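Nothing here was measured: the structure is a model prediction, and the numbers come from that model.
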Amino acid sequence: MVAGALWGTSATGAQAAVQAHAVTLNLTWTQTLNDAGGPIALSSPNVANLAGGASVVVGDRAGNVYAFNLASGAGVPGWPVSTGGVPVDSTPSVAAINANGLDSVFVGEGNAATPTSGGYLGITPQGTTQWFTNVQNPATDTAPAKAVQASMAVGDLDGGTDVVAGSLGEVGQAMNAANGAMLPGFPWFQADSNFTTPALGDVEGNGRTDIVEGGDSSAGSAYGTTYSNGGHIRVLSSTGNSGSSNPGAGLVCQYNTDQTVQSSPAVGELGGSVGIVFGTGATFSGASTTNDIIEVNAQCVPRWIEKLDGTTTASPALADVLGNGQLDVVEGTRVGSGGSIWVLNGVSGATIWHQATAGQVIGSPVTADLTGGGYQDVIVPTTAGVQIFDGKSGALVTTLGQSAGLAFQNSPLVTDDPNGSIGLTIAGYNSSNQGVIQHYEVSGSNGSTVTEAGAWPMFHHDPQLTGDTGLPSPVVQVPCNAPSGSPVGYDMTAADGGVFNYGNLPFCGSTGNLLLTKPVVGIAMTHDGGGYWLVASDGGVFAFGDAKFEGSAGNIALTKPVVGMASTPDGGGYWLVASDGGVFSYGDAVFHGSAGNIHLTKPVVGMAVTPDGGGYWLVASDGGVFSYGDAKFQGSTGNIHLTKPMVGMAVDTHTGGYWLVASDGGVFAYDAPFYGSAGNIRLTKPVVGMMATTSGGGYRLTAADGGIFSYGSAPFYGSTGNIALTQPVVGVAGF
């Protein structure tokens, strides 16, 4: 057991009475690996869903990829996987691309010490080779390198689940995650070595995933481009060089430095717009950008540059360390045999605090709210143990692994453990140069906070290694104001994100003219009628008017698609629900539970929120209802043979009951008055959802053609039933 200190060192480095969180960590299991001479080094632990449940996966320099059960530390059957002695310095990424829902694991093989060996490897959940792809350097490369030290990021680049990473050769490659097939537009000519794991996000705001990567640059010329010694940060189209004879075509923008860029970039919303943050390397002596941490915008134009006290090859984390809802930048440095940890304002780059560390910081820091204090604490890997600093004050809380002589060059892993607590896995090497993995649990902690907005719980943010905390929505905004009086009416949205407004509700914009990665599936309103959110099936959220973007699941590889959303009563947050009953909370929306770990008979199709926001219901297509928080179960059709499936539900604010609606317009009332239904009407298109009036005296149904059916005191304000829509209506929200 390790107890966190109550008092630590102030942010200026002088001894002072600066209070830190009290944290108690219990060591639950440890593994010492049989890899002396080739231990875990730069490969950070990640979490994968394998046989037996959540598992820690990590690579070592002896050429192994290990998997241990997160709860018990037991080895997973079929693992470790051997690369035949080729070192693994990359961090495994994961994605569920198999029919059984288990994760495949993706690693780059090789490093700078073995440049002529390696490639891209996909591993099945059972620990066998799923695919292997060589680095495909151009024929003009006289000394082609095959090693892939960068980690593969997972995302939707070509309409499916794909992986992408640079190499130590002259190219970066993007491949289908299921079979390793090269995507159109790749290999992409990067001209020099690339050590950075790419970030993936919609940087351009056009509904498509962009690739954000660093890289080295050596003086010379190729394919009409002249290069200087240094490095660069690049935003690359997901289509690579498609449509061009130039293998380096497809750049969205690029910013050049006179020092290499070997820090994996992080992207997020900084000051209301896209921010890309990265550090530099230490390759070129005398370079002016050595020791820099740099933030550029979506056009690759620098907005701030700060010079720190040492080498900044560590990947930065973007986290809410002050608990004010804003992202700040957390970066570690190497200063001789020691190092330091810095927290910088995400908008201006100004130093919030910094502290000396016990050793060099080579791996990326991570963050977690370890005590429920409402802000992120900073967890820093060093070559002399893993140190935990209080996020607000910078006071040292405790150091792990130092007494055992453990050193770390990678990032810790923070997890929502099976017992509901916060888990912390550290993976490094001992004085005998053997790999050692230790797993701790934080006493009295709440594991559900691990992936909350403002957290950075692992290397490059998430198990898919996207490096993306959530970017502003790709929307077409138009000026709009909330109704001067009480809001009345409703808004409908189509699958392309087109919005149709009725009553006195303003039109604030839509995604109707954007190329979306996945279709829109739902809509929610702000409390004053002055804005709305749309959600797509991949969990992407689009905010309009006074609806604030609080985050999305668009950068998460979901097990099942999102099917709907609901907003909090004050409009300060929202919930998303997936078809497996998984619930995602953002802003002031409180997570009350989910059906994500239940084997459902039928998929969830929608959700509704209690009037006070203290709970919610989920409804499945068979009419099964699941209640959470203060939402009271009033009944369901789960045991009734329905003519048509359920498609949605709404809440009666008077009684606390609810209505369910089927695709044929049939309405089922539970502790709520029945006002009528369309069940006996021959519909042109099926019903896709319903909404209740805020007064509780009625409800409306909407069909896929935008037809509106009003019952009780719900007025009819209009519909798209007589308009030829490009895409079907998928949701309705209003008052």
Side-chain angles (χ1 to χ4, degrees), residues 4-5 7-21 23 259 263-264 266 268 270 275 277-282 289-295 303-324 326-370 373 375-400 402 408-409 411-412 454-456:
W7 303 94
T9 307
S10 74
T12 62
Q15 293 296 320
V18 179
Q19 192 167 8
H21 276 156
V23 179
Q259 183 57 275
S263 163
S264 300
L270 300 176
V277 186
F278 60 98
T280 55
T289 53
T290 303
N291 299 348
D292 282 357
I293 185 80
I294 303 171
E295 192 259 357
R303 294 192 289 198
W304 56 260
I305 301 174
E306 293 295 323
K307 192 167 292 294
L308 305 188
D309 61 350
T311 306
T312 53
T313 51
S315 176
L318 305 182
D320 182 10
V321 297
L322 299 182
N324 59 5
Q326 305 300 312
L327 295 176
D328 295 307
V329 177
V330 186
E331 173 71 353
T333 65
R334 287 181 284 153
V335 187
S337 61
S340 60
I341 184 68
W342 293 72
V343 175
L344 310 175
N345 182 288
V347 176
S348 67
T351 299
I352 296 173
W353 59 260
H354 77 276
Q355 287 281 33
T357 55
Q360 294 181 331
V361 183
I362 299 171
S364 170
V366 302
T367 73
D369 183 357
L370 296 177
Y375 59 90
Q376 296 289 303
D377 296 305
V378 180
I379 307 166
V380 186
T382 83
T383 52
V386 171
Q387 297 190 287
I388 299 175
F389 294 87
D390 182 89
K392 276 191 175 180
S393 69
L396 177 64
V397 176
T398 193
T399 302
L400 304 176
Q402 188 179 59
F408 302 87
Q409 298 183 23
S411 299
W456 192 278

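Glu331 is not listed as a side-chain neighbour of Leu344, based on a closest heavy-atom distance of 4.5 Å or more. Within the 4.5 Å cutoff, no side-chain heavy atoms of Thr398 are placed close to those of Val23. Between Asn291 and Thr311, some side-chain heavy-atom pair lies under the 4.5 Å cut-off. Using a 4.5 Å cut-off on side-chain heavy atoms (C-beta onward), Val386 and Val380 make no contact.
Put simply, the side chain of Thr357 gets close to the backbone of Gly339: a donor and an acceptor are under 3.5 Å apart. Using a distance-only test at 3.5 Å, with no hydrogens or angles considered, no donor-acceptor pair links the side chain of Trp304 to the main chain of Ile293. The main-chain N or O of Gly391 is found under 3.5 Å from a side-chain atom of Asp377 such that the two form a donor-acceptor pair. When atom types are taken as modelled, the side chain of Ser340 and the backbone of Ala356 share no donor-acceptor pair closer than 3.5 angstrom. Checking side-chain atoms of Gln402 against main-chain N and O of Ala384 turns up a donor-acceptor pair under 3.5 Å. Without hydrogens or angle criteria, Ser364 side chain to Ser411 main chain gives no donor-acceptor distance under 3.5 Å. Put simply, the side chain of Gln409 never gets that close to the backbone of Gly363: no donor and acceptor are under 3.5 Å apart. At least one donor-acceptor pair under 3.5 Å links the side chain of Ser263 to the backbone N or O of Ala314.
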> What's the verdict on side-chain contact (heavy atoms from CB on, under 4.5 Å) for Val329 and Leu318, showing C-alpha distance, side-chain angles and the deciding distance?
Replying inline: CA-CA 5 Å; Val329 177; Leu318 305 182; 3.7 Å; yes
> Does the side-chain contact (heavy atoms from CB on, under 4.5 Å) test come out yes or no for Ile341 and Phe389, once each step is laid out?
Replying inline: CA-CA 9 Å; Ile341 184 68; Phe389 294 87; 3.9 Å; yes
>> Please determine whether side-chain contact (heavy atoms from CB on, under 4.5 Å) holds for the pair Leu270 and Glu295, giving the CA-CA distance in whole Å, both sets of side-chain angles, and the decisive distance to 0.1 Å.
In response: CA-CA 10 Å; Leu270 300 176; Glu295 192 259 357; 3.7 Å; yes
>> Quick one, Ile305 with Ile294, criterion side-chain contact (heavy atoms from CB on, under 4.5 Å). Give me CA distance, side-chain angles, the key distance, then yes/no.
In response: CA-CA 5 Å; Ile305 301 174; Ile294 303 171; 3.9 Å; yes
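The NZ atom of Lys307 sits 3.5 Å away from the CG atom of Asp292 when rounded to the nearest 0.5 Å. One distance of note links OG1 of Thr382 with CD of Gln387; it measures 5.0 Å at 0.5 Å rounding.
With Trp342 as the partner, the side-chain hydrogen bond (donor to acceptor under 3.5 Å, both in side chains) test is satisfied by one option alone out of Asp309, Thr312, Thr351: Asp309. Screening Asn345, Ile352, Leu327 for a side-chain contact (heavy atoms from CB on, under 4.5 Å) with Leu322, the sole residue that qualifies is Ile352.
The two residues Asp328 and Val321 have their closest heavy-atom pair at OD2-CG2, 3.7 Å. Across every non-hydrogen atom of Ala266 and Trp456, the tightest pair is CB-CH2, 3.5 Å. Residues Val335 and Thr333 approach most closely at CG2-OG1, 3.6 Å, considering heavy atoms. Nearest approach of Pro365 to Ala317, heavy atoms of both residues: O-CB, 3.6 Å.
Side-chain contact of Ser393 with Asp390: a donor-acceptor pair under 3.5 Å is present, judged by distance alone. Side-chain polar atoms of Thr290 and Gln259 form a donor-acceptor pair below 3.5 angstrom.
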